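Only one structure is covered here, and it is reproduced in the block below.
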Amino acid sequence: MSRFQPNEIEPKWQAAWEKAGTFTARHDPDRPKYYVLEMFPYPSGNLHMGHVRNYTMGDVVARYKAAQGFSVLHPMGWDAFGLPAENAAMERKVHPGDWTYANIENMKRQFASLGLSLDWSREFATCDPGYYGQQQAMFIDFMEKGLVYRKNAVVNWDPVDMTVLANEQVEDGRGWRSGAVVERRELTQWFFRISDFSEDLLEALDGLDNWPEKVKSMQRNWIGRSRGLQFSFSTVSAPEGFDRIEVYTTRPDTLMGASFIGVSPDHPLAKALERDNPDIAAFNAECRKTGTSEEALEKAEKKGFDTGLRVRHPFDTGWELPVWIANFILMDYGTGAIYGVPAHDQRDHDFAVKYGLPIIDTFLPAAGDHDIRAAAYVPPKSEPVRYTRGFAGDEVQTGEAAIEAAIRFCEGNGIGQGVTRFRLRDWGLSRQRYWGCPIPVVHCDACGVVPEKKENLPVELPRDVSFDKPGNPLDRHPTWRDVPCPHCGRPARRETDTMDTFVDSSWYYARFTAPHATTPTDPVEADYWMNVDQYIGGIEHAILHLLYSRFFARAMHLTGHLPQKAIEPFDALFTQGMVTHEIYVTRDDRDRPVYHLPEHVEWTENGAQLGATGEPVEVIPSAKMSKSKKNVVDPVNIVSSYGADTARWFVLSDSPPERDVEWTAAGAEAAFRHLSRVWRMANEIATATGEGTGDTELLREVHKTIHDVTMGIESFGFNTSVARLYAFTNTLHKSKAGADARRQAMRVMAQLMSPMTPHLAEEIWALLDGEGLVAEAPWPQADPAMLVEDTVTMPIQINGKRKAEIAVARDLPKEDIEKRALAHDAVVKALNGGAPKKLIVVPGRIINVVI
RNA sequence: GCCCGCGUGGUGGAAUGGUAGACACAGGGGACUUAAAAUCCCCAGGCCGGAAGGCCGUGCCGGUUCGAGUCCGGCCGCGGGUACCA
């Protein structure tokens, strides 16, 4: 017998599938469709284990659903715009387009070796003009529907490189290349009105029954609906135009505990004051040196500046409160101004202690006490508390009741009004970069902002650009920028901002239903294939990508590009865990981290070191594999030495799909050994003859295995399906059943393995005279009658601890089980002549004797 | 900081509130072999014990329950997101 040789059988079956057109999606009105989609990859140039895991999972679902008779759509494409291409252009003097398409070619070849059941005829990259041109057409439609607008927003500005930085490019407040302190700078930018959909995007989450609760929970918090009071304080001797300061609070019941007013450094009042006050200007400038990310702002040391202005408390005009500028107040949320209640907010408490501001309690525990000097008192809003400075509602009431009472009271007294607000901000889509989808508008001195004519789309990126200077090459392109106005024909300027790459990935699922259509979608195809029945991707996309896609589907429906049923485009979502790996780092002469690929690191008795130089390497615990940290593993080596089936089997077997998995080399060898063993068994069985014993027992195991493996796939418990197939391999190996029974068992096993190890499954299927391709064979059915056992083993617990077990007939009445249990030696001994306090019998499950 | 997860043997993990550790990896013992590889068989949570058996055990502390890895509360640690990484 020859050996198991994946590099021979895998290309053979890949060719057979291609010849048969097995994976070509067919619009077949007579069959139920199933659309399975994995989040498409960024073409970094190399497949990594995270891809293998993600796409193998999707492939299991796709192949399984096909076997169940569905007309399956399982497409693949490339999320091809983005920063790394521009970085490559700067570092290696290659054109971003050339770099990207070369990466795609390379990765596609690697993909092919995995034997995924993909319909490559639908492939596209988001950087194809054919794709982004349709995106531009939709942008224009969105403009017409009022879903797009422009406003000022802040960006990270590198004053040395004179360029806008991504948050990722800001390290400790400094630009990653220049090392310059980053500043916040305002630019006019394009926005989608996603916040118009806040309520709908929130409410509709309740209907997404097949989404993970954690993702819905994250989105709910992100959208962040809050109920509160908006009102204004009247100011004392403020600059002109600032007679009032508008604030929003979710805790109006604490108004009598107000201690100060805080405004954002970006608040109009703060900006007005800094014109005449150099100290305020200096403070604000200092605040603006914090990056734009929420994380940076929130983690920064809380600082304030007393403006000297005062406001009057709305309940008591003799009570004046100081107005501070505080660096932790975000201009983007609420009104950019708050009042601080140190007694009931820890951040305000810290601030009050730091600057010697009063701490005034408004409520205390209903029973007991709380030292308000030491820490803020912040009980859950649902907990009843005793109001010491209440002004509406009962003395003892919950925060929730008090908030509503306070809103009613204030509204009744002409002090502001109750409002519902959302944390969700509009989606800023402008990027000052080259490698993205051009925003298809023209700026004309006479006509203003004019959309490009649709017949002129796509607005293509110019090829001839240089990256020798930082900043957006489109901005300094000699000819691309200067165009006639589409409206009046006079000289005008193209918009040089491109779109956020999240726009590209917000509708690709819809484009896959008609990837070659001359409109963004084709109504007939969209109607047949939408929605995505199963979407699979990383948890890191739980909020932004998925929320933006939900918004985009709604916007596409409003502009006639998707049917009503597709406004929630993903019927079911599965978030797989990440593939993690240790990180290897050394420091450069400026003590900045330099990351190293695992393949460049060697382990010695002194620890990890660089293979080339022997320089010691610091090992940082496992984290998400990312190109920037270089903690990536190349699966190509595994495929070339063990074959795709081994790689697939391994990534499915070692960890539950939703959990992170740390990649190890150890398991690959074991996976290969197992598949070799299965292959050997199939060869033995193929030539076996004669009768044996235990045919029925083997058949029962076959049916139990069908059941368990099927349940595993249905519930995304691929690792348990794999474990079950391991166990069945052992069973079949030990079985003394006759040749026919073992052949039948082996054929079923090939079918059950086919979604996971499709090449080996085909080989075995052919070896055992299976009909046609196993990839096109119907899924085996478990016979329910074969699944039930006649006797069951029941554990006997005494006081909740297992002490014995008895075997009873499956349908033995409860009373008889009780009798049998009480008669058991261990129970008799434990009872010592007495009667049990309680006897719990769950038939088929457990017996618990309480003494 | 805030939001969301996760935490089980040496390792990856299994377990509708009902026998914790299935199935593997690494390890140990044995068979086969001149030998090795490969393959096959067996052992294996910890502690005590020759064994029978006993005690402990799912990050930590507490609670609900006849019964908690699973549910609830509070900690600790790790990870993801934090609106310009994708």
Side-chain angles (χ1 to χ4, degrees), chain A residues 3 39 41-42 44 79 81-84 155-156 164-170 194 212-222 224 292-300 302 328 332 346-347 423-433 500-502 504-505 538-545 547-548 575 577-578 580 621-624 626-628 653-656 658-662 664 666-667 669-671 673-674 676-677 680 717 719-720 722-727 729-730 733 793-797 799-805 836-840 842 844-850:
Chain A
R3 291 183 304 122
M39 291 179 185
Y42 179 81
S44 60
D79 189 14
F81 276 134
L83 272 183
V155 293
N156 296 308
V164 177
L165 298 178
N167 286 332
E168 190 191 47
Q169 298 173 315
V170 180
I194 188 173
E213 276 306 320
K214 64 178 169 185
V215 173
K216 290 190 278 186
S217 173
M218 281 188 256
Q219 293 214 354
R220 280 189 194 102
N221 288 325
W222 185 261
T292 58
S293 74
E294 184 189 305
E295 186 190 3
L297 290 169
E298 289 280 342
K299 278 187 176 166
K302 308 296 178 282
F328 56 84
D332 286 324
Q346 191 56 44
R347 193 171 58 184
R423 204 186 78 101
L424 180 65
R425 309 199 296 255
D426 276 333
W427 173 6
L429 67 117
S430 286
R431 296 292 179 271
Q432 293 72 40
R433 306 190 194 291
D500 178 7
T501 56
F502 274 124
D504 313 332
S505 56
I539 186 65
E540 67 270 27
H541 295 294
I543 297 176
L544 292 180
H545 162 62
L547 191 61
Y548 289 156
T575 54
M578 284 165 297
T580 65
S622 274
K624 172 174 87 157
S626 80
K627 221 173 140 48
S628 62
S653 67
D654 235 31
S655 205
E658 69 278 10
R659 204 130 106 192
D660 290 355
V661 60
E662 167 135 26
T664 69
E669 179 71 32
R673 279 205 306 269
H674 176 74
S676 303
R677 185 182 185 215
R680 275 198 311 277
N719 57 322
T720 57
V722 168
R724 197 64 188 80
L725 285 163
Y726 265 109
T729 308
N730 292 335
H733 181 73
T793 304
M794 290 182 65
I796 300 175
Q797 295 182 335
N799 288 339
K801 292 197 170 198
R802 195 190 80 91
K803 294 290 174 181
E805 62 182 35
K837 259 192 212 156
K838 200 166 179 178
L839 186 61
I840 286 131
V842 184
R845 276 279 168 208
I846 203 157
I847 301 151
N848 191 6
V849 186
V850 184

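This one's a predicted model, so the numbers in the text were calculated from it and none came from an experiment. In what follows, chains carry the letters A, B, and so on, assigned in the order in which the sequence lines appear, proteins first and then strands, with residues in each chain numbered from 1.
Contacts of A:Lys299 with the nucleic acid, taken as non-hydrogen atoms under 4.0 Å apart, include base atoms. Residue-level contact check: A:Leu839 touches neither bases nor backbone, having no heavy atom under 4.0 Å from any strand. Nucleic acid contact class of A:Arg433 (heavy atoms, under 4.0 Å, all strands): base.
Here B:U82 is the nucleotide among B:C40, B:C85, B:U82 with the atom lying nearest to any side-chain atom of A:Trp222.
The separation of B:U11 from B:G46, taken at their P atoms, amounts to 12 Å, rounded to a whole angstrom. For the C1' atoms, the distance linking B:C42 with B:G63 amounts to 45 Å, nearest Å. Rounded to the nearest Å, the gap between the C1' atom of B:A26 and that of B:G13 is 14 Å. As rounded to the nearest Å, B:C85 and B:G5 have P atoms that lie 24 Å from one another. Across the P atoms, B:A20 and B:G54 are found 13 Å apart, a figure rounded to whole Å. Comparing the P positions of B:G12 and B:A22 gives a spacing of 15 Å, expressed to the nearest Å. Comparing the same atom, C1', in B:C66 and in B:C71 gives a spacing of 16 Å after rounding to whole Å. Look at the P atom in both B:C43 and B:A24: the space between them is 13 Å, to the nearest Å.
Nucleotide B:A26 forms no Watson-Crick or G-U wobble pair with any nucleotide shown, as no partner meets the under 3.5 Å limit on both distances. With a cut-off of 3.5 Å on both pairing distances, B:A83 has no Watson-Crick or G-U wobble partner at all. Across all strands shown, B:U39 forms a Watson-Crick or G-U wobble pair with B:A31, both key distances being under 3.5 Å. Remark: B:G50 base-pairs with no nucleotide; criterion is Watson-Crick or G-U wobble with both hydrogen-bond distances under 3.5 Å. Remark: B:C71 base-pairs with B:G63; criterion is Watson-Crick or G-U wobble with both hydrogen-bond distances under 3.5 Å. When Watson-Crick and G-U wobble pairs are counted only if both distances are under 3.5 Å, B:C6 pairs with B:G77.
Listed by chain and residue number, A:Lys214, A:Val215, A:Leu573, A:Thr575 satisfy the side-chain contact (heavy atoms from CB on, under 4.5 Å) test with A:Pro212 (two or more places apart in sequence, or in another chain).
Between the side chain of A:Gln797 and the base of B:C66, no donor-acceptor pair of N or O atoms lies under 3.5 Å.
Atoms CG and CG, on A:Asn221 and A:Leu424 in that order, are 12.5 Å from each other to the nearest 0.5 Å. Separation of atoms CD1 (A:Ile543) and CD (A:Gln219) is listed at 7.0 Å; rounding is to 0.5 Å.
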Mind listing the N/O atom pairs, protein and nucleotides 25-32 of chain B, below 3.5 Å?
none

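For B:A86, the OP1/OP2 oxygens have a side-chain nitrogen or oxygen of A:Thr501 closer than 4.0 Å.
A donor-acceptor contact shorter than 3.5 Å is absent between the side chain of A:Arg431 and the backbone of A:Asp500.
Between A:Lys302 and A:Arg423, the residue whose closest nucleotide on RNA chain B is further toward the 5' end is A:Lys302.
Annotation: side chain of A:Asn799 is in contact with side chain of A:Val850 (closest heavy-atom distance under 4.5 Å).
A syn orientation is assigned to B:G9, its glycosidic angle lying within 90° of 0.
Note: A:Tyr548 and A:Phe502 have perpendicular aromatic rings, judged against thresholds of 30 and 60 degrees for the angle between ring planes.
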